[in-house]
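Remarks on the structure that follows.
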Amino acid sequence: MNLDKTPSVLKMKHLLFLTIFLCGYSYAQKPILSKDFDFKIGEKYKRIKSSSSYYVASGNRMVAIKKGRKDMTIQRFSLEDLKEEVKKRQVIEDKGDFQTVMDLNGKAVAFYTIKDKAYAQKISLTGIIAEKPILVGSDKENINNDVGFKSTYGFDAGGRINKFVFKKSFDGTKLLVLFRVKTANDKADKIGISVYDSSLKLIWSRKVKLPYANKWLENEDFAIDNEGSFYMTASVFSSNAEEKNKLEYSYRTEVFKIKENPKEIIKSKIELPGRSIMDAVIGLDKQGKISVSGFYAKNDNKVEATGLFSAKLDDSGVVSSVIKSDIPATIVQDYALKRETRINEGTQDEKDKLDFESLKVNNVVYNDDASFVILGEQRYVESFTTSSSSGSRTTYKYYYRDVIASKISSEGDVKWFHRLPKYQTGARGKKSMSYINFKNLGKHYLFYIDDFTNLKRSFDEYPTRYFDGKKEFLYLTSYTIDDATGEVIKEPILTGSDIRNSRLDNLEVYKAAILPNQDMIFEAYDGKKNNLLLKVSLAK
């Protein structure tokens, strides 16, 4: 009797296994989407192949500017129905070395260079108009091919900065054009600063010698405030430093304020005794004060960040106060224990990056009560050089990994701290990696593209790698953090199957056009010959 029943039992087991497998497969292919977001898709339109694409939206209009080999294709859209107005498509000549596109006070402006000259060209969102280019940067001296600033924060993040930098003021009404003059290593760095209004009318321009020789100075972040004053941070290395290596040599961080008049450079040191600033960015707090905020490490071991800070400047440009806080020991120990557990389980390599190594600031959110939230990312690049009979070749691998998010009170207390798992890697630069964020109704939303298997993983598990450009089942997801309590959830927003099987690996998330109501406009690719617009909104 037992032998007679065995086939039936086996059949039942196989059927049960198949049912579980199909359920799991179905879930993997179609995760339950968040009810906090709505999305809308437009009609498909012909894909324009391009090396890079940029999007500028204002009101119910959007323009996409796509760089080809020798020209730029301009597509114009209505955001009411997410349709391209094909009759308003335009192709214009790229007259120089294309740089970037910027939304300048609701207008699209494309920038390009010709040798030591920089030009800006306004492009209409509504009519078939590309205005005559305007010269916005040039100099009789030899301009350096590398502007020399390490930070790409608030610029065209993720790319190399070449001869010229184009960056907006915090309110978007003014434009900074910055370059660096070639100087000897033992001479003071010289930079050129030009500030324009939103109509590209020059407000002021001058060249400035920085206070230290190039061999001791590493330029970091830069910005202009809403009045048009220029600020920059720099690492000033000690005289015995053989190279500008933050991990090996001592240095201090200073802030410079530069105006048209008076000509004097206002410089001020950020005091953090026993600590060194590893990465920091310039921002504007809710009280209208310029602040420098970021991560620091202890001087005796600068491999891992150990705390967060924010330094406020007074109206003269001098540091007036510093809020700082070490990452609490209990949090550090907790993450170290979880890392050790993963290594013992074999899910994480022992040689993997440390939890707080290679941290960069992505954004700083300043609150009305003088507290602030630092949103960072474990971000780094590896290079590989191979040699053959035809010569050597260097390739790069880009990593955009865990999110670090923490809120610090005005008294320097850590209100909450999160290390949120994410593992993105690719070989084409930033592309679909990293994340974008905004705050709405007391919540921080961080949007990024991930591998679908990570949806089931806890915050303590090692994430599956997402490979930029690889054809996989992917989804757009969000980490949502309650600013008051620090409570965080991870939820899928949409999948490729929800937008007509388009390949989400082609979404360059950081280039999304974000409207004042926080609607995000993306361009998706159907994997064949067409693109379509995708609008993601917070549910009403």
Side-chain angles (χ1 to χ4, degrees), residues 37-48 50 52-68 71-94 98-112 120-134 156 166 168-175 196-201 436 438 440 447 476 494 499-500 502 506-526 530-538 540:
F37 299 91
D38 296 323
F39 62 90
K40 179 182 177 182
I41 54 177
E43 292 182 358
K44 292 185 178 183
Y45 51 89
K46 183 180 179 181
R47 183 188 182 209
I48 305 295
S50 61
S52 55
S53 301
Y54 297 85
Y55 310 93
V56 175
S58 180
N60 63 352
R61 307 288 306 172
M62 191 183 86
V63 63
I65 300 173
K66 301 181 177 179
K67 176 67 180 73
D71 55 28
M72 291 184 289
T73 300
I74 302 167
Q75 295 173 279
R76 295 177 173 88
F77 301 85
S78 165
L79 296 182
E80 292 180 349
D81 51 15
L82 301 179
K83 289 183 180 179
E84 182 193 2
E85 298 179 338
V86 180
K87 292 183 179 180
K88 292 185 177 181
R89 187 181 295 179
Q90 183 179 14
V91 178
I92 61 175
E93 180 186 2
D94 182 7
F98 175 83
Q99 299 295 307
T100 189
V101 172
M102 182 181 294
D103 175 357
L104 189 59
N105 202 23
K107 300 175 183 177
V109 183
F111 296 90
Y112 66 88
Q121 186 171 19
K122 294 181 184 178
I123 296 172
S124 172
L125 274 65
T126 55
I128 311 175
I129 301 170
E131 297 183 15
K132 183 179 178 180
I134 299 171
D156 197 8
F166 312 96
K168 296 184 292 185
S169 58
F170 300 107
D171 63 359
T173 63
K174 294 179 177 61
L175 169 71
Y196 295 82
D197 66 16
S198 59
S199 66
L200 297 181
K201 180 180 179 181
I436 59 172
F438 61 74
N440 185 70
F447 300 92
L476 178 68
L494 55 88
I499 50 172
R500 302 172 187 166
S502 296
N506 284 271
L507 282 181
E508 295 186 347
V509 178
Y510 75 104
K511 287 186 177 178
I514 302 179
L515 299 175
N517 65 355
Q518 309 295 7
D519 284 357
M520 298 178 292
I521 312 296
F522 300 95
E523 184 176 55
Y525 171 45
D526 69 0
N530 300 296
N531 285 347
L532 67 159
L533 290 189
L534 162 68
K535 180 169 73 172
V536 178
S537 310
L538 289 166
K540 299 297 190 288

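Residue numbers start at 1 and run along the sequence shown. Just the heavy atoms: all of them, side chains too, but no hydrogens, waters or symmetry mates, feed the values below.
Shown here is Lys46, whose NZ atom has no more than 12 heavy atoms of other residues, nucleotides or ligands within 6.0 Å.
Residues Ile123 and Val56 are not in side-chain contact: their nearest non-hydrogen atoms beyond the backbone lie 4.5 Å or more apart. The closest side-chain heavy-atom distance from Leu538 to Phe438 is below 4.5 Å. Between Lys88 and Leu125, the closest side-chain pair of non-hydrogen atoms is not below 4.5 Å. The shortest distance between side-chain heavy atoms of Ser53 and Lys67 does not fall below 4.5 Å. Contact annotation: the side chain of Val101 never approaches that of Val63 to less than 4.5 Å [non-hydrogen atoms, C-beta and beyond]. With a 4.5 Å cut-off on side-chain heavy atoms, Gln75 and Asn531 do not count as touching. When side chains are defined from C-beta on, Glu508 does not count as touching Ser52, because their heavy atoms never get closer than 4.5 Å. Between Ile41 and Leu82, the closest side-chain pair of non-hydrogen atoms is not below 4.5 Å.
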#### Entry: Evaluation steps, side chain to side chain donor-acceptor pair (under 3.5 Å), between Ser537 and Asp519
CA-CA 5 Å; Ser537 310; Asp519 284 357; 3.0 Å; yes

### Query
Can you list the steps and then say if Glu85 with Arg61 is a side chain to side chain contact (heavy atoms under 4.5 Å, CB included)?
CA-CA 10 Å; Glu85 298 179 338; Arg61 307 288 306 172; 2.8 Å; yes

### Query
Given the rule in the side chain to side chain contact (heavy atoms under 4.5 Å, CB included) test, do Tyr55 and Phe522 qualify, once you have shown the distances and angles that lead to the verdict?
CA-CA 9 Å; Tyr55 310 93; Phe522 300 95; over 6 Å; no

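Residues Ala108 and Ile65 approach most closely at CB-CD1, 4.2 Å, considering heavy atoms. The shortest non-hydrogen separation linking Lys87 to Ile128 is O-CD1, 3.4 Å. Nearest heavy atom pair, residue Ser198 against residue Asn105, reads OG-ND2, 3.5 Å. Residues Ala57 and Asp103 come closest through the heavy atom pair O-OD2, 4.0 Å. Heavy atoms only, all atoms of each residue included: Gly106 and Ser58 are closest at O-CB, 3.6 Å. In this structure, Gln121 and Ala130 approach most closely via the heavy-atom pair NE2-CB, 3.9 Å.
Looking at Tyr45 and Glu523, their side chains do bring a donor and an acceptor atom within 3.5 Å of each other.
To the nearest 0.5 Å, the span separating NZ on Lys168 from OG1 on Thr173 amounts to 10.5 Å. The distance from atom CD1 of Ile436 to atom CD1 of Ile514, rounded to the nearest 0.5 Å, is 4.0 Å. Here the CG-CD1 distance, from Leu200 to Ile134, works out to 4.5 Å after rounding to the nearest 0.5 Å. Put simply, NZ on Lys535 and CE on Met520 are 11.5 Å apart, with the number rounded to the nearest 0.5 Å. Between the CG atom in Asp197 and the NZ atom in Lys174 there is a gap of 7.5 Å [rounded to 0.5 Å]. Atom CG in Leu175 sits 15.5 Å away from atom NZ in Lys201 (nearest 0.5 Å).
With respect to the salt-bridge test (charged N to carboxylate O, under 4.0 angstrom), the residues Glu43 and Lys83 qualify.
A donor-acceptor pair under 3.5 Å links the side-chain atoms of Arg76 to the main chain of Ser124, judged by distance alone.
Between Phe111 and Phe166, the two ring planes are parallel [angle under 30°; tilted spans 30° to 60°].
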